[in-house]
Amino acid sequence: MIDRATVDRILDATRIEEVIGDFVSLKRRGANYLGLCPFHQDKNPSLSVSSTKQIFKCFACGKAGTAVSFIMEHEKLSYPEALKYLAKKYGIEVVEKEQTPEEIAARLKGESLLIVNEYAQKYYQQLLWDPARTHLVGLSYFKERKFSDDTIRKFGLGFAPAGGKSFAATALEEGYKEEYLVDSGLCIKRDDGSLSDRFYDRVMFPIHSLSGRVIAFGGRILTSDKSKAKYINSPETEVYVKNRSLYGIYFAKTAIANKDCCLLVEGYTDVISMHQAGIENVVASSGTSLTVGQISLIKRFTDKIIVIYDGDAAGIKASIRGIDMILQQGMKVEVVLLPSEDDPDSFAKAHSREEIEEFIASNKCDFITFKTNLLLEEIDNNPIRKAQLINDIIESVSMIPDQIERNVYVGQVASRFDIKEDAVFQKIRQLRSRRNSQEQARNRVMQPGPAVSLPGDYEPLPAGYEDSAAVDAVESAPKPLTDAYLAVNEKEIVYYLLKFGEYPLHTDDSLRYDRTAKAADVPTVAEYIHKSLEEDDLQFENPVYKKIYGEYFSRPRETEEDCEVAQGKIIRYFSTHPDQDVSATMMDVICDNYPLTVKVYRDSLTPEEQMLGKNVPRAVIAYRIKVIDRLCASTVKEVDAAFKSGDGESCKEKMRFLAALNTVKNNLTKELNRL
Ligand SMILES: [Zn+2]
């Protein structure tokens with residue numbers, strides 16, 4: 001465990017804009033920074049980072065939190081690991097309390113895999129440079145490819161020796177656990193229980209995450225043995241998801257942001273040679289066809305991609321689908337075709353940086369021209385094939401999300417193929433509406449029923465009225481309820497406590513937008529919540545939320561003039577809580593999606609604190625309605641049982657109770673709708 005003083009030092013040193021800026025290209029907008037959100041497929045910058053408040057928030061998907069929670073979420077680290085990450089970034093020494101073997105064992109598996117990968121990378125790298133053991137076969141392969149020593153070291157290239165046992169044996173001897181060696185994909189467990197290496201007699205290309213950690217390897221064979229795969233790769237693991245990884249992204253991200261353009265090539269050596277030539281804004285999808293996840297990784301840094309294709313045309317048609325995908329993500333795409341004998345690797349070696357840049361600049365073309373040139377050759381004036389080509393290109397144009405940009409291409413297509421613009425527009429409308437309805441069908445989700453508090457006392461209804469109300473209650477009673485039934489609502493309330501508990505809750509519209517206007521009779525958010533729940537004697541069921549709620553009101557506190565300062569202390573109190581369940585939950589609550597039951601907010605750009613007057617009462621009412629719903633469901637069962645046992649009195653009594661519940665619920669629902 002990290003001691004309190006160190007945690008404070010880390011949090012004091014941390015600048016959220018610097019932390020997030022390592023992963024997302026941020027642009028200043030007044031007091032805030034704006035960038036593309038890494039937590040959803042962001043098309044327009046939705047991520048707002050406040051350097052004064054030291055928090056981030058995505059206006060589109062609702063993710064929000066502190067620098068620590070950003071790192072936890074983004075790098076998939078636990079709370080203490082995220083703190084260590086920040087400590088490392090800011091050069092703060094971490095004083096750790098002694099860990100028990102159980103605590104060590106309980107560390108996140110992801111971190112263990114990263115550690116094993118890191119070890120493997122060093123192991124392979126050291127063998128590459130060790131003349132005694134490798135006879136320089138690995139190194140000479142890279143030298144033959146004209147990689148300089150600096151380049152080889154920069155990319156952490158290595159060599160896995162022949163034999164197929166040496167890495168496993170050395171790693172075990174060094175104390176690395178068999179479990180992680182196998183789970184990382186570096187070793188394979190044989191039927192006889194022995195461990196062997198996945199990679200042997202191959203040169204090794206480590207694959208880095210966006211933050212520069214080794215997450216996987218690609219190994220290339222050195223012989224021309226046709227019976228063996230030319231490249232083998234690590235399997236997918238907790239830390240390596242192929243369709244969200246791009247080879248070279250760690251080394252390229254700064255250049256991509258600076259040049260506002262990303263070059264896309266195919267293989268490891270293409271990336272490395274381009275770097276060596278001085279072109280650094282380049283990544284590779286490494287063999288797999290491009291995925292949406294990979295495109296959105298690039299999109300955090302630029303919205304322009306230039307795809308560089310080998311001169312040999314065979315592979316092009318297969319990868320042309322990638323272009324549509326890029327367009328669909330709202331990115332601008334251009335294409336460069338290299339001279340027929342070249343691939344990016346050989347081309348980069350044969351030319352200087354200026355020549356390469358010049359070649360790209362003068363040979364890049366938009367996707368319509370590219371597709372047309374590529375396909376026209378085969379068409380040979382066959383009218384049917386020509387119609388197919390036009391349809392194919394129109395389909396690509398229809399993928400572009402921005403209407404204005406789309407219209408520009410419509411004009412180009414129409415003039416190029418001598419067809420009417422109207423016809424192109426109509427075709428695009430058809431294609432888009434078909435895709436939209438397909439998408440809606442996929443996204444259609446069950447909307448939650450009206451959300452819900454307990455009736456204090458209820459008055460028996462006049463005779464004759466009760467039955468119909470009871471019937472309503474029965475019909476609107478929810479289906480079987482799970483244990484986590486209330487957890488979402490409890491979480492939402494805890495969210496407001498932790499993030500805005502000390503803020504004044506102005507329900508008066510004229511005051512709502514002014515957090516400094518403190519009237520004596522205005523409760524804080526926390527006071528409001530406490531009073532509302534106390535009225536009905538409601539207690540949280542989730543043990544951690546219950547603990548946070550209890551401690552929020554019982555912890556020692558000073559009076560603080562400024563609500564933001566007071567809230568900062570509360571966030572720090574809970575995020576450094578000795579009970580790890582509490583600190584982890586704190587981070588989870590703060591950085592999770594904006595509470596699920598209040599979706600309206602997502603569409604608005606109003607700062608959250610200005611919506612407290614509406615949203616906090618909403619959250620409390622939604623919680624109360626759900627408690628009632630559950631009570632209705634259990635009462636319905638009791639009515640049923642009483643009816644079956646022939647107990648008419650009890651049955652009637654319970655029906656009245658149901659009717660009363662329903663009345664309360666209706667009133668609450670009205671109130672909810674009013675808000
Ligand atoms: Zn987002």
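Both counts, for ligands and for their atoms, begin at 1 and track the order of listing. Note that the structure is a prediction, hence the values are computed from the model and not measured.
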So, applying ring-ring contact (aromatic ring centres under 6.0 Å, His included) with Phe155, which one of Phe217, Tyr250, Phe205, Phe251 is it? Phe251
Around the Zn ion (ligand 1), how many protein N, O or S atoms are found at less than 2.8 Å? 4
With Arg244 via side chain to side chain donor-acceptor pair (under 3.5 Å) - residues at least two apart: none
Aromatic ring pairing His74/Phe23, orientation class (parallel under 30°, perpendicular over 60°, tilted between): tilted
Would you find more than 12 non-hydrogen atoms of other residues, nucleotides or ligands less than 6.0 Å from Asn44 atom CG? no
Using side chain to side chain donor-acceptor pair (under 3.5 Å) as the criterion, list what pairs up with Tyr549, not counting sequence neighbours. none
List the residues meeting side chain to side chain donor-acceptor pair (under 3.5 Å) with His530, not counting sequence neighbours, and say none if there are none. none
